[in-house]
Every structure is written in structure tokens, then in C-alpha cells.
Amino acid sequence: MTVTEESVEGAAEKPKDWLGQSIKRKEDDRFLAGRGNYIEDIDLPNMLHMAILRSPYAHARINSIDTSEATALPGVVAVVTGELLAQHNLAWMPTLSGDTQAVLATDKVRMQGQEVACVIAEDRYVAHDALELIDVDYEPLPAVVDPFDALEEGAPLIRDDKEGQTDNRVYHWEAGDAEATEEAFLEAHKVISVDTHYPRSHPSPLECCGCVADLNPASHRATIYMTSQAPHAIRTVFALVTGLPEQNIQIISPDIGGGFGNKVPVYPGYVVATAASLLLGRPVKWIEDRTGNLISTGFARDFHMKGELAVARDGQMLGVRVKMLSDQGYAYADAQPSKFKAGLFHIVTGSYDMPAAHIVCDGAYTNKAPGGVAYRCSFRITEASYLIERLVQNAAMELGMDPAELRRRNFIQPEQFPYTSATGFVYDSGDYEAAMDKALDMAGYGDLRAEQERRRTEGGMLLGIGLASMTEALGAGPSRDYDILGIKMFDSAELRVHPTGKAILKLGVRHQGQGHETTFAQIVAHELGIPPDDILVHEGDTDNTPYGLGTYASRSTPVAGAAAAMVARTLREKAKKIAAHLLEVSEDDLEWEHDRFSVKGAPSQVKTIQEIAFAAYTNHPLGMEAGLEGVHYYDPPNLTFPFATYVVVVEVDAETGEWKPLEVVAIDDCGVRINPMIVEGQIMGGLTEGFAMAAMQEISFDDDGNCIGSNFMDYLIPTAWETPHYDLGETVTPSPHHPLGCKGVGESATVGSPAAFVNAVVDAVAHLGVTNIDMPVTSAKVWEAIQRAQADA
Ligand code: CDP
């Protein structure tokens, strides 16, 4: 057979712009049919299974570990301890914030659930049975549970393994201008303060962590299948830690059942499985259980914040200052750019034209799991957004002003963009008032306030209306400011258009359910006119995708999405040259429409992208390189700043403290939407996580450091029963620097909505004297807050 131009499909199809179309998710064909390919689905010949023994104590010295009985159990192949790893210099590993974390404990355990030993066995059941035969002699030590206690003089020293570490302080960091802020506060008519704790929460993805490490003694290649949101960076870290040559390490992140930041760090399980496979010459699989995931992997939040807002008599905001103490657990393992010790918490000025700001941040070691992961959040932005929106609510209460009106008076105005905040962010674009007005309109704000008043006078269930107008910075980064462990935060896209006009797009990011296989195909379809169904999107394999920093902090669309658009544009330029050659005209005589070049003034003379692709391999001009392929590394000039207003209406029973949401309105602006249906899905998921944090979730600890919340009976996930209905709307303010005008969106509702839920409950009971209720806002806490306020009155 000879391939001819006529055999290329697509030429006769009507051009269509795929940007902004709510097409169904391509990946759902396999996900919904149970045909996904997750770590647990991977079975290699001769594979062994690994189970982890975890510490029952939060803080204890290890006197000895006797593994003899476990080793003797039939089916057990090896028992790995910290001592064995230490012989290979692998007992400790670096964290993403440049600290160290034990792979397997050697001297001491420093948190409950810490990894102490691993059993490698012929099957998973034997591996777990053998754990019970390991005898560890622990000498319990006093546990440090409270970060304030941790910084007291005489507190037990947690990191005595670190040379020069004489106390439990992890870092001290300041941002903003102390002096200017001090002056602003001197001018204030009122200073509003909120002292609050953003509870330790956990991303708890549906699929826990796991890996299959396959170190082939013949090829010397390490193929590691793992649940990683950032496979390329992990490969580099593995190469540096293990000393294996990087070209011999292939990290494959197959389908991932949710990540939410939890799957960015390297966990001990990955490292031990890899070391065991190296030592034993056989593949080793480790599948984490739910308790292991909740007790030991990256937590989020856990910020104790005292915020103060200075306002003038007319409500004008003059300045904000914050003292924050972060509970880091026993290692500083935040996934964040190295320059910013408390992530992007310094965006605490929010959506407001705030002349002055100063934040003082400290971190403390405690006997808890390390983490500080960006749980659907850009590095601590969630905490900042919560604090400023709680401050604004309380300021409105103290000034006797409507909270919407107070926001209106202080919003950064559309003509002020690009706007430089008091702590140094350059906001790209926004129209905050338009989003708020639309939200208030949809919620029927005026009627709600009247109904609230009526209920207050007539009795019955109280009504509360909570607002949050958030803006956030996402899409790290410009590489001049943003890195992870020194690796700059750019991202990449490689596009190959095959002779038949079908394409494969390879990306450095790795989705965990966000729909990239559809939306990134839509980006290329928009730029080149190749239908999304003809474009395969490939992610998560370090041998076969260009280098990138991964998917978290809603950075995929702002960075990798831009890379995809840019590489497609480069190919379009080459396509133009080929079209000119085929049509025998000059490039200047051509114009582009959706999927084809036509000759100006002679619209019937046309070459479609499919015809051009075919020619790129069969009939390209002499002297031109064959093929239609390219790669683009995109370094964004700035972050993108999506924004939203969330309105939550709740009903509160003042007798019992019980509350429930009646209405949730979300107006999000993420610039241009590639796929509105996917964006709405992201927002609904984000709102549900925001509701969960506000209403029911906290990983808490008793005085001995026992983790209360290492199972789904104590750490609650909202079901369809509790989850409220959402009314969604949008405004569209394109990002001026993104090639398609897009901003990220995945995390927006998780970042912004918790404050709206809490503000709503506080608003319902404010007339009873309540000014704050910490998350999670349980019925008991609401009831106690009312009792306390009435006792104080
Ligand atoms: O990095 P991550 O994928 O978690 O977040 P994102 O870039 O905000 O994207 C989440 C999903 O929404 C992806 O499928 C995006 O392509 C899609 N999206 C969109 O369709 N339009 C936007 N303006 C932003 C995101």
C-alpha cells in the first residue's frame, strides 16, 4: 500500500474552536469502566511485597530491635531496619524543605506511626503477619504535642540528631514592612483581632500511597512505579540520594487516585521498597493502608495565627499584621519554594488595597508527622485567605457595617492592575466587585438579610450569611523566585504531529483526576485545529515526557498549559512554511483559520493541518527538517491570580449549636475556561473540601502524642448526605500574561470557601456576642461559644 494525501482524514471536517467547550472527559472511558491502571494493578513476575512496622509511641528511644522471629517466618525474604539502611547511608533522607527525615528510625522514634522496620515477603499477608513478630524495645520519652510548649525553655529536644539544633525552633521568617505597619496601626480608628488555629488536616486521597520498585540486576535499570504528583523531580532526588545514575532511573506515575498535595513528597515506603529491590534483585511492591496514610504522610495546615487589622472610621483598611506559629511535626517537610519559609502566606492582604502589612512566622518541631503539604493550595495560601476573610468579617461586625459594603470599599479596583501588594506580589488582573455583586445577586442577599432580622426578632432557627472574597496566587512559578529543592519551577510540553494528522502531547506535569487528557488536548486543538479525540495526552513517565515540576498548587494550566499552547504555535509556524510550499505561494499570502491555511483572496486554495502534517513527512520543502514536532519549556513571567466570591447561608439552632448550610453560591473567575464543565467539577470538589475542613475535619492528638484521627471514623469525609448543593457562576477576567488568558482553578474553592462557612456560622450568632469559632465548627463548639458569650455579657 502507498500512503497518499487522500488517505488522511479530517480535511473535510468543519473547523471548530475547541477552547471553552464542555466536552466529556476522555479519561473517564477507562476510569468509569473500572479500567484505570493504578499501582495496585501492577503485578510483575517474581514480585515481593512489603509491609511497614510503625511506632506506637510519639517519642521514644529505641534500645533494640529483634527481627529474628520475623525473619524465620516462612515466606519472609528480608526484614529491613534503620541500622541496615544506615550501612548504605540511607537511614535519613532530605525533605522538600531541605530538612532531614528518617527513612527507618535508628536512634529514636519522633512521632506515632513512624516507620521502624519493613518486612519483605513472598505475599502481602505474610509480610503483615511478620510485623507482629518484630520485637522493639522502646524507652518512652515525654512527647511534645503543642508547638507553643515546644518553644518553651526546657522543652524536650526533638531533633537531637541534628548538629547545632539546641531547641525546637524550625525557622523564623518575616515579610512586609514592620515600621510602615506600625505607623498604620497608630492611625487606626479600630484594631480588629482574630486569634485562631487552622487545624491540621489531611488530603486523604481515595487511593493511598504505594509503589512497585523494580531494579533489574541485568540491565541496572530502576523502574519505579509510584503514586507521585511530581515524577521528574522525584527521579532527580532519587538519583542524588541513592547514587544511581539518573538515566537508569525511570519513574512512572500510572493512574493516580487523587493526590491533593499528599503525593508530592518522598515517603519512607518508596525509599525502602527501592532499596529492598536493589538488595534482593526482585521487584518489591508496597501498598499503604489508610491508617498509614493518615498517620504518617503529609498533613496540611496546622497554623496558629493571631491576625490584626487596622481600619479607619469609614472602614478603610490601613494595615494588617500577623504572628503565626506553625506546627511542623518532627521534620520541616513543607512542599514549597525554598525562598519562602512559610510558603505564600504573605498573600494575607487578600483582595484588598492594603497599604501596609507585616507578618512574623515561626515554625516549631513537635512529635507529630511531618508534612505541610500544599493540600489543594499554593503553599499556605489557604491559611492566609482564611485569616484575612475572618478579619474582614469581624471588622464589619465591630464597625456595624455590612460585610459586603466593607469589602466593596477596600477591593483593589480593576484599573489598579497590575497591582503590587504590600508584601510584594504583583496581582495580574481582577474585578473583585463584579464577582461579589454577581454572587450577592444570585444568593438574593438583600432578602436574606431581611429574613435574618425577622428570625432574630421572631425566634426560631437563626440564619447566618457568610462571605469570602478570595484572591490567590498560583501557577508557580517564575523560576527567578520559585524552586523546589533548587530545581526551578518551569514546565514543559512536547508535541508530535504524526503523518496522518493525529498527535501525541507529552507533558512534565502529572494529573491525578483533574482531566488533563481532555483539557490539554483542547489547548492543542484550539491552536492547531486537530480534534481533541485525535490527540493523545501522555504524562507521568520520566523516560517519555519532558522534564517538569509536576501537578500541585493548581500550576498545570498556568504553566504546562501555556507550554502546550506555545509548542503548538511553534508547529503552526512550521506548518505555514509547508503550506506555502504546497500551495506555491509566499507565507505572507496565507491566512490561518482554526485548522487550515488558505490563500488570501482565494479561499478555495486550502491546506488543512492534516494535509500539512502528511506533507511534513512525505513532501516537505527541500532543505527543511522533516517532521512536525517540538518541545517548549515555559517559564511564566508571573503567577496568575484567580479570584472568587463565595456566599454561604446557614441555619443555626442556638439551643443545640447544630448548623447546616442552606445555600452555597460560588462565583469564580479563573480567566478563560478551557473546559467549563471540568472547571465546575473542580469548583464543586473544592467547595466540598472547604466545607469538610470548616465543619468536621481535624487530625488531633492526645497529651501523649497519640494521633486521634488516623481512621475515617474519626477523620470525617463528607458524604453526599452532608454535602450541600452548590450554585455556580462565573466572571471572566483573562490573565494578561498567559498565552490563552487562563488562570489556575483547581484549588480556588478549597482556598476560599472555609472562611465563608465559618463566617456564616459566626454571623448567625454574632448578635449573641460570639466573635470567633475555630474550625472544625462542630455543634459542640457553636453551643460552647454561645454559652461563653452569654456568660461574659
Ligand atoms: O494543576 P491542576 O491540574 O491541579 O489545576 P488547574 O491547572 O487549575 O486545572 C484543573 C483542571 O481544570 C484541568 O483539567 C484544567 O485544564 C482545567 N482548567 C480549565 O479548563 N480552565 C482554566 N482556566 C483552568 C483550569
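We count residues from 1, following the sequence as given. Every number for a ligand or one of its atoms is a count from 1 in the order of the listing.
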Do [X] and [Y] sit within salt-bridge range, that is, some charged N less than 4.0 Å from a carboxylate O?
X    : Y    : result
E527 : R569 : yes
R555 : D491 : yes
E539 : K506 : no

Check your understanding: Can a cation-pi geometry be assigned to R200 and F299, taking NZ or CZ under 6.0 Å from the six-membered ring centre and within 45° of the ring axis?
Key ->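 Satisfied, under 6.0 Å and within 45°.
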
Which pairs would a plain distance check flag for residues 557-565, meaning a side-chain donor or acceptor within less than 3.5 Å of a matching protein atom at least two apart in sequence or in another chain?
none

Practice item. Report the distance from atom CZ of R407 to atom OG1 of T645, rounding to the nearest 0.5 Å. Key: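 Here the rounded value is 7.5 Å.
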
Practice item. Select all protein residues for which some heavy-atom-to-ligand 1 distance is less than 4.0 Å, and list them by chain and number. Key: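 Q514, G515, H516, T519, T551, S554, R555, S556, T557, P558, C670, V672, R673, I674, N675, I678, V679, Q682, C742, K743, G744, V745, G746.
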
